[in-house]
Amino acid sequence: MKLITAIIKPAKLDDVKDALQAAGITGMTVSEASGFGRQMGHTEVYRGTEYKVNLVHKVRLEVLVDEPNVESALDLIVKAAHTGSIGDGKVWTTAVDQVVRVRTGERGSAAI
Amino acid sequence: MEEVVLNSGDTAWMLISTGLVTLMIPGLALFYGGMVRVKSLLNMMMMSFGALALVFVIWIAVGFSLVFGNSVGDRGLIGDATQFLFLKGLDNSTALIGTIPAAVFIAFQGLFAAITVALISGSIADRAKFGAWMIFAGAWVTLVYFPVAHWVFAFDDFVAKSGGWIANDLGAIDFAGGTAVHINAGAAGLALALILGKRVGFGRVAMRPHSLPLVMLGAALLWVGWFGFNAGSAVASNGTAGLALLNTMAATTAAVLAWLLVEKIRDGHATSLGAASGVVAGLVAITPACAAVDASGALAIGAIAGVLCALSVGLKFKFGYDDSLDVVAVHLVGGIVGTVMIGFVGEEVGLFHGGGTDQLVSQIIGAAAVLAYSFVATLIIGKLIDLIFGFRITIDEEVEGIDIAVHAERAYELFDNNQGSAFALSKGGQL
């Protein structure tokens with residue numbers, strides 16, 4: 001089992017969600033996030049005073065996936081979140097030891 | 001003296017104008033409130049509301065008399081405090097001032113005092129104890145606004161026999177308060193910003209406006225209210241009021257364009273904050289001049305004010321004073337532009353209209369006198385309050401946010417944040 005974490009542009013969230021759902025991946029957690037990568041934010045100006053806004057608004061998507069589906073899920077997310085411009089985000093995976101469904105107590109793959 | 005009778009048209013317009021000027025308080029509260037960070041929004045708005053409440057009460061008690069009572073010793077410096085103490089003889093339904101009920105004139109003028117004090121609060125955002133601010137508001141309006149308003153607004157034989165020196169002896173033109181309101185508040189704002197010092201992180205931490213829609217709404221309400229302020233200063237429903245209204249519109253629109261043009265050239269972007277600031281800069285600048293110029297003159301005043309005010313907002317970083325919301329750049333600079341420009345473009349009296357330099361000199365003297373008196377007196381009042389009570393909240397309170405620290409409230413419940421909070425039953429609640 002793997003946890004896929006994707007930091008993507010907020011505007012691409014619906015595309016990614018639809019693509020994953022269409023592929024039968026039915027659960028995910030989404031949270032608001034802010035941060036920066038190579039793009040290093042943008043500049044705002046108020047009454048002539050410039051502010052460097054380093055932290056850019058992003059969305060963090062977390063999906064638990066069974067081992068055989070990891071590569072295809074990664075591909076789907078990357079494809080759906082891709083715009084080609086700077087700031088598209090990043091996706092990574094983390095190994096997961098155990099998953100338990102709170103309602104039933106099921107463990108492992110059955111809980112995903 | 002001819003018999004004075006009530007004119008119902010004048011009275012109706014002044015009743016409306018008084019309502020319009022009242023609208024400027026929430027207008028200013030929103031204009032300022034939108035510009036501060038979300039943690040100080042309520043305090044910013046409360047400084048305006050608090051000033052209105054306190055100043056109007058003092059106005060009734062002694063303020064009106066200090067401004068419009070007979071000049072003490074005919075020196076034109078301050079009115080007789082006892083003549084209209086608690087509005088003696090005027091707070092009834094029959095007394096007249098000019099052609100309108102005394103009660104209406106008193107209410108209208110009282111709001112001018114309140115607005116002027118509220119304007120100052122923009123220079124001390126995020127960091128002033130509310131109690132200290134209220135003490136300052138009461139002291140300042142009494143020791144600075146009332147004398148200056150007497151100098152400028154008290155014409156001989158209007159309310160009382162003898163009035164103020166700027167209005168009668170100097171003859172500087174200030175129709176609706178370019179000196180008494182805006183230069184006065186602007187100079188006081190500078191002095192108070194110096195007394196309180198910079199906010200934590202000034203010039204280093206981003207202090208961006210938390211809500212530009214509030215700023216624009218506030219500017220729009222100010223704009224509407226200003227028609228009462230300027231055109232109402234005719235104290236009549238007549239051609240002077242009409243001209244004041246037209247010129248108010250003309251100068252304001254020109255100032256918006258000018259401010260945006262400066263921004264576009266200097267910063268590369270025409271911003272909404274720039275548009276809202278241009279509105280106020282234009283309104284400020286035309287205030288003294290709105291009945292003394294033609295529409296072209298008003299456009300010129302607005303355009304010059306828009307440019308100079310926009311260029312002045314950066315000065316606080318250069319000189320290192322934290323005039324948080326640019327009271328100096330907008331009100332002091334705008335007030336000076338409008339007051340002095342009368343000497344150039346004033347109908348009949350201005351240099352460009354063949355009036356020579358006499359009026360120009362009078363205008364400069366009037367502006368300089370108000371600026372100097374307000375600045376010095378405010379320094380003294382502010383310093384005394386700081387020494388006796390302490391003017392600033394603690395650094396921890398400031399960092400956490402003045403709304404929570406001073407008012408125990410927050411402006412917005414941005415999340416459904418019930419987790420972790422419960423009724424404080426110890427305060428007598430019983431569920």
Side-chain angles (χ1 to χ4, degrees), chain A residues 3 5-17 26-64 81 83-90 99-105 111, chain B residues 31-32 34-37 122 201-212 215-216 219 259-281 306-318 322-330 333 414-415:
Chain A
L3 172 68
T5 306
I7 308 292
I8 60 171
K9 287 188 168 165
K12 302 304 281 182
L13 174 61
D14 279 340
D15 290 348
V16 173
K17 184 172 58 111
T26 51
M28 68 180 60
T29 305
V30 176
S31 44
E32 305 244 333
S34 54
F36 64 87
R38 285 189 199 162
Q39 96 209 72
M40 285 304 292
H42 62 272
T43 305
E44 294 176 12
V45 53
Y46 299 95
R47 279 187 172 165
T49 307
E50 286 199 349
Y51 295 98
K52 283 230 167 306
V53 181
N54 289 326
L55 300 179
V56 183
H57 187 52
K58 295 284 176 203
V59 162
R60 176 171 55 212
L61 194 91
E62 287 163 308
V63 193
L64 281 167
T83 70
S85 61
I86 199 162
D88 267 0
K90 274 191 182 52
V99 179
V100 185
R101 190 187 302 279
V102 172
R103 177 170 55 85
T104 60
Chain B
F31 180 69
Y32 279 172
M35 267 190 276
V36 295
R37 290 164 293 174
F202 173 73
R204 196 162 41 78
V205 175
M207 297 174 178
R208 285 171 290 168
H210 90 280
S211 172
L212 289 168
V215 175
M216 298 199 82
W259 192 300
L260 291 179
L261 197 65
V262 168
E263 284 196 333
K264 181 69 189 167
I265 294 168
R266 182 186 60 189
D267 313 323
H269 306 277
T271 68
S272 61
L273 181 59
S277 309
V279 167
V280 179
V307 170
L308 290 182
C309 293
L311 292 175
S312 302
V313 289
L315 294 178
K316 62 181 175 183
F317 296 110
K318 196 176 256 169
D322 186 2
D323 171 18
S324 314
L325 309 181
D326 301 306
V327 180
V328 174
V330 175
V333 174
L414 290 171
F415 307 99

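Lettering follows sequence order; numbering is per chain, from 1. Hydrogens, waters and symmetry mates are skipped; everything else that's a heavy atom, side chains included, is used.
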query: With only heavy atoms counted, which part of B/Ser277 is less than 4.5 Å from chain A, the side chain, the backbone, both or neither?
result: both
field: Residue B/Leu311 versus chain A: region with a heavy atom under 4.5 Å
entry: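 Neither part.
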query: If you look at every heavy atom in A/Tyr51 and B/Arg208, which pair is closest and at what distance?
result: CD1-CG, 3.7 Å
- request: Please say whether more than 12 non-hydrogen atoms of neighbouring residues, nucleotides or ligands are located less than 6.0 Å from CZ in A/Phe36.
  value: no
message: Would you say NE2 of A/His42 has more than 12 non-hydrogen atoms from neighbouring residues, nucleotides or ligands within 6.0 angstrom?
response: yes
Point-to-point distance, once rounded to the nearest 0.5 Å, from CG of B/Asp267 to CZ of A/Arg47: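 It is 12.5 Å, given to the nearest 0.5 Å.
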Chain A contacts, top residue of B/Asp326, B/Leu212, B/Val313 (heavy-atom pairs, under 4.5 Å):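 Option with the top pair count is B/Asp326.
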